[in-house]
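Here the structure comes first, spelled out in structure tokens, and everything after it is commentary.
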Protein chains: 2
Amino acid sequence: MSKSGESLAVTDPATDVPCCPPLAARRIPAAAAAVLAPAFKALGDPVRLQLMSMIASAPGGEICVCDLTPAFELSGPTISHHLKTLREAGLVDAERRGSWVYYRPRPDLMRQLSILLALEAGTA
Amino acid sequence: MSKSGESLAVTDPATDVPCCPPLAARRIPAAAAAVLAPAFKALGDPVRLQLMSMIASAPGGEICVCDLTPAFELSGPTISHHLKTLREAGLVDAERRGSWVYYRPRPDLMRQLSILLALEAGTA
DNA sequence: ACGCGGTTTAGATAGATGTCAACCTAGACA
DNA sequence: TGTCTAGGTTGACATCTATCTAAACCGCGT
């Protein structure tokens with residue numbers, strides 16, 4: 001794995017999103033829970049939640065790691081690990097352009113998670 | 001702590017929900033992330049995600065633990081521990097009536113989480 | 001070749017998961 | 001009233017996984 005634009009791909013749970021009307025609509029199947037729980041788990045850390053927010057709210061739809069790292073009092077490798085967790089969860093996508101790596105959100109999975117938690121119909 | 005209807009209360013993060021437009025709207029403050037991340041963390045386990053779904057989709061708005069436990073291949077105490085995690089996260093509420101304990105969802109926090117993940121405006 | 005930006009590996013510490021045993025509460029029955 | 005039984009929770013423990021730092025590594029630009 002080492003080509004620009006594909007270097008950091010790991011797995012793609014986001015493309016395997018199983019189904020999923022809101023949790024409150026009917027009981028989620030075990031298989032779907034097994035696929036979607038890791039995404040919630042990835043968001044279950046304050047640092048990753050902030051990272052996700054910075055990525056999702058980035059002006060141009062993407063943000064450089066060099067802008068993410070200095071926003072926390074953590075070492076570079078630690079931030080990189082958290083970003084890898086978000087990648088493996090299918091929440092973000094990474095692309096290397098030149099010397100810098102840019103992260104961008106994956107709307108599909110985020111939308112799916114939002115719908116899952118919705119109580120009534122009609123989520124984003 | 002041992003009165004019907006209040007016995008199982010632990011803490012109430014759900015009542016301290018800080019704010020929170022969608023993640024993609026603007027960067028979430030560290031304090032808000034610290035409060036909300038535990039809720040996502042609680043949902044970050046397949047068993048708890050299914051429990052949450054069974055509780056949220058219960059016909060009468062609530063469900064007996066005696067109906068939850070046999071749905072999994074796990075011991076009673078284990079289910080009870082998972083339910084405690086959901087309680088402490090502020091996602092569900094428990095009440096003892098007679099010999100049985102009933103769980104019901106807390107819409108406030110669920111709605112907040114759903115909005116957080118929404119990409120456009122207008123979630124549930 | 002050198003330096004810089006990021007990721008990866010390796011290893012220590014802290015936290016999560018699941019089971020057994022003990023406890024508490026509520027209803028049943030004598 | 002006293003005790004027995006069943007439903008759930010709590011506590012303690014073994015095991016597994018996550019989090020973080022330090023050091024090594026890879027790709028790119030100069």
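Below, all heavy atoms of this structure are taken into account, side chains as well, without hydrogens, waters or symmetry copies. Just so we're on the same page: letters track the sequence lines, and every chain starts at 1.
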What nucleotide, of D:dT9, C:dT7, D:dT21, holds the atom closest to the side chain of A:Leu83?
->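 Ranking D:dT9, C:dT7, D:dT21 by closest atom to the A:Leu83 side chain puts C:dT7 first.
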In Å and rounded to the nearest 0.5 Å, what is the CG to CG distance from B:Leu51 to B:Leu43?
->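 Reported value, rounded in 0.5 Å steps: 10.5 Å.
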Tabulate protein N/O versus nucleotide N/O from nucleotides 2-7 of chain D, keeping only pairs under 3.5 Å, one per line.
none

Using a cut-off of strictly less than 4.0 Å, decide whether [X] has a side-chain nitrogen or oxygen near OP1 or OP2 of [N].
X        : N      : result
B:Thr78  : C:dT19 : yes
B:Arg87  : D:dT10 : yes
B:Tyr103 : D:dT9  : yes

What is the separation between atom [atom1] on [X] and atom [atom2] on [N], rounded to the nearest whole Å?
X       : N      : atom1 : atom2 : value
A:His81 : C:dT7  : NE2   : P     : 10 Å
B:Glu88 : D:dT10 : CD    : P     : 9 Å
A:Leu74 : D:dA22 : CG    : P     : 12 Å
A:Asp67 : C:dG5  : CG    : P     : 12 Å
A:Phe72 : D:dC20 : CZ    : P     : 11 Å
B:Arg97 : D:dG8  : CZ    : P     : 12 Å
A:His82 : D:dT19 : NE2   : P     : 6 Å
A:Leu86 : C:dT7  : CG    : C1'   : 15 Å

Salt bridge (charged side-chain N to carboxylate O under 4.0 Å, His left out) contacts in which one or both residues fall within residues 48-75 of chain A, not counting sequence neighbours =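 Those involving residues 48-75 of chain A are A:Glu62-A:Arg97, A:Glu62-A:Arg104.
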Mind jotting down which residue pairs meet the salt bridge (charged side-chain N to carboxylate O under 4.0 Å, His left out) criterion with at least one end in residues 30-46 of chain B? Sequence neighbours excluded, please.
->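 Every candidate salt bridge (charged side-chain N to carboxylate O under 4.0 Å, His left out) pair involving residues 30-46 of chain B fails, so no pair, neighbours aside, qualifies.
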Any donor-acceptor N/O pair, B:Ser53 side chain to A:Arg26 backbone, under 3.5 Å |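 Side chain of B:Ser53 to backbone of A:Arg26, a donor-acceptor pair under 3.5 Å: yes, one is there.
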In chain order, what residues pass the side chain to side chain donor-acceptor pair (under 3.5 Å) check against A:His81, with sequence neighbours excluded?
->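 Partners of A:His81 by the side chain to side chain donor-acceptor pair (under 3.5 Å) criterion come out as none, since no residue qualifies.
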Check side chain to side chain donor-acceptor pair (under 3.5 Å) between A:Ser99 and all other residues, then give those that pass, not counting sequence neighbours.
->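 By the side chain to side chain donor-acceptor pair (under 3.5 Å) rule, A:Ser99 matches no residue at all.
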Show me, pair by pair, the donor-acceptor contacts under 3.5 angstrom made by side chains of residues 31-38 of chain B, not counting sequence neighbours?
none

Write out all pairs satisfying disulfide bond (SG atoms under 2.5 Å apart) with one or both partners inside residues 49-114 of chain B, taking only residues at least two apart or from two chains.
->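 Only B:Cys64-B:Cys66 qualify under disulfide bond (SG atoms under 2.5 Å apart).
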Output all residues satisfying side-chain contact (heavy atoms from CB on, under 4.5 Å) with A:Ala71, sequence neighbours left out; order by chain, then residue number.
->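 Here the qualifying residues are A:Met54, B:Arg27.
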Taking the nucleotide of DNA chain D with the closest heavy atom to each, which residue, A:Ser75 or B:Gly76, is nearer the 5' end?
->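 By nearest-heavy-atom nucleotide position, the 5'-most residue is B:Gly76.
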Interface residues of residues 41-55 of chain B with DNA chain C (non-hydrogen, below 4.0 angstrom) =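 Within this stretch, B:Lys41, B:Asp45, B:Arg48 sit under 4.0 Å of the strand.
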